[in-house]
Number of protein chains: 2
Amino acid sequence: MDGGDGSTLTERFRRAGLRVTGPRQVILRVLEESDDHPDVEELHRRVSAVDPRVNIATVYRTVKKLVEHDLIERHSFDAGRARYEAAPTEHHDHFIDVDTGEVFEFRSDEIERMQQELARAHGFEIVSHRLDVYVRRVNRRKRKARKAD
Amino acid sequence: MDGGDGSTLTERFRRAGLRVTGPRQVILRVLEESDDHPDVEELHRRVSAVDPRVNIATVYRTVKKLVEHDLIERHSFDAGRARYEAAPTEHHDHFIDVDTGEVFEFRSDEIERMQQELARAHGFEIVSHRLDVYVRRVNRRKRKARKAD
DNA sequence: CCCTACTTGCGAATCATTCGCAATAGCGCA
DNA sequence: TGCGCTATTGCGAATGATTCGCAAGTAGGG
């Protein structure tokens, strides 16, 4: 997941001028190793498995800093807790299965292009965008809703 | 904003089997007359101008019911408070001006169609979706950020 | 290796939203 | 038109997520 040169989350974090402390190293590594979209509580759980002394407030503070520096993305698929994902090298959107809570990523250059055109036509330049598509599987017997990602 | 027959928010509310009480009449009228995307606090402010006895908890309870019955839409553009808009007759997406907080609606049948295709290709059917495009005006001298909608 | 500004842990505080409960009031029906 | 059953309301307390204040600890430039 890291290029080998200087592209680990930790290195980019340091390059952004932020101090790399013990707790932060653990949090950064956990984020980098996660390929799902954990919320802060889940991140804290994973971090605690490595170093149980890290406080959840530190996790909150760290993800906040990471988002400010565009190193990770914050999502609010459902209301309630926010969820995060390691900064994708390439932008993508999300399918959220409403029955299971699972999140799938996808990307459509055509949709990106359309947005670009529309924004320009309205006199705007795009800063960022978010496309969440809530879906359900087809051709399946209805099934019990599970909990989350 | 109402067809004249039986299409006011209040009537659709009643038709959904919900009791039309005094407080609710005010809330429904306020929602119908709003063409922006107010949060609960703002709604309560507007409702209070008509009847100051209505409690904010009632506003919360009412918008919740309305959302459950698809009579209004809930948005969470920024984290923090949720914002609502009277149920649009036609789906649309949003441009959010990151400098001013203003929200503009737009619609693109092409984007809708692309989503449909993508979802189908992945074996999903779309339940709903949300496309928020955060933008900034172009060709303008930078200006101070204002507060909200 | 030292100094200083940045971080941390911890518990308290804050924000948005929901709940519990007793009092009140729609509205279908007699 | 009046009754009763049940949904709804106001209010304050409770909740859940996130942030803050502060004293103690530490990264890392010089």
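We name chains A, B, ... by the order of the sequence lines, and we start the count at 1 in each one. Below, each value reflects all heavy atoms present in this structure, side chains not excepted, and no hydrogens, waters or symmetry copies. The structure displayed is predicted, hence computed values, not measured ones.
- Here D:dT8 presents its P atom at 18 Å from CG of B:D51, a figure rounded to the nearest Å.
- Annotation: salt bridge (charged side-chain N to carboxylate O under 4.0 Å, His left out) contacts involving residues 85-94 of chain B, sequence neighbours excluded, comprise B:E90-B:R107.
- To the nearest angstrom, P of C:dG9 lies 8 Å from CZ of A:R53.
- Looking at B:E32, its side chain does come within 3.5 Å of a backbone N or O of B:L9 through a donor-acceptor pair.
- Although no hydrogens or angles enter the test, the distance criterion places no donor-acceptor pair under 3.5 Å between the side chain of A:T58 and the main chain of A:V54.
- A:Y60 meets the side chain to side chain donor-acceptor pair (under 3.5 Å) test with no other residue; sequence neighbours excluded.
- Counting to the nearest Å, the C1' atom of D:dT18 and the OH atom of A:Y84 are 9 Å from each other.
- Under the rule for a ring-ring contact (aromatic ring centres under 6.0 Å, His included), A:Y84 has no partner lying at least two apart in sequence or in another chain.
- In terms of position along DNA chain D, the nucleotide closest to B:I27 lies nearer the 5' end than the nucleotide closest to the other residue of the pair B:I27 and A:V40.
- Per the geometry, CG belonging to A:N55 stands 6 Å off P belonging to C:dC10, to the nearest Å.
- Here the C1' atom of nucleotide D:dG10 and the CD1 atom of B:I56 are 13 Å apart, to the nearest Å.
- Judged as a salt bridge (charged side-chain N to carboxylate O under 4.0 Å, His left out), the pairs with a partner in residues 37-63 of chain B (not counting sequence neighbours) are, in order, B:D36-B:R46, B:D39-B:R81, B:E42-B:R45, B:E42-B:R46, B:D51-B:R53.
- Atoms OH (A:Y60) and C1' (C:dA13) sit 15 Å apart, rounded to a whole Å.
- Residues satisfying the salt bridge (charged side-chain N to carboxylate O under 4.0 Å, His left out) criterion with B:E117, sequence neighbours excluded, are B:R113.
- Partners of B:E125 by salt bridge (charged side-chain N to carboxylate O under 4.0 Å, His left out), not counting sequence neighbours, listed by chain and number: A:R136.
- Regarding A:E41, its CD atom lies at a distance of 9 Å from the P atom of D:dT18, rounded to whole Å.
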Using a 4.0 Å cut-off on protein heavy atoms (strictly under), produce a 5'-to-3' string for nucleotides 25-30 of chain C with B for base contact, S for backbone-only sugar-phosphate contact, and - for none.
-BS---

Identify all pairs in which a protein N or O lies below 3.5 Å from an N or O of nucleotides 20-22 of chain D, and state each distance.
| residue | atom | partner | partner atom | Å |
| --- | --- | --- | --- | --- |
| D:dG21 | O6 | A:R61 | NH1 | 3.4 |

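- For residues 22-31 of chain A, every residue pair satisfying the side chain to side chain donor-acceptor pair (under 3.5 Å) rule, not counting sequence neighbours, is listed here: A:R29-A:E33.
- The interatomic distance linking B:K65 (NZ) with C:dT17 (C1') rounds to 15 Å, in whole Å.
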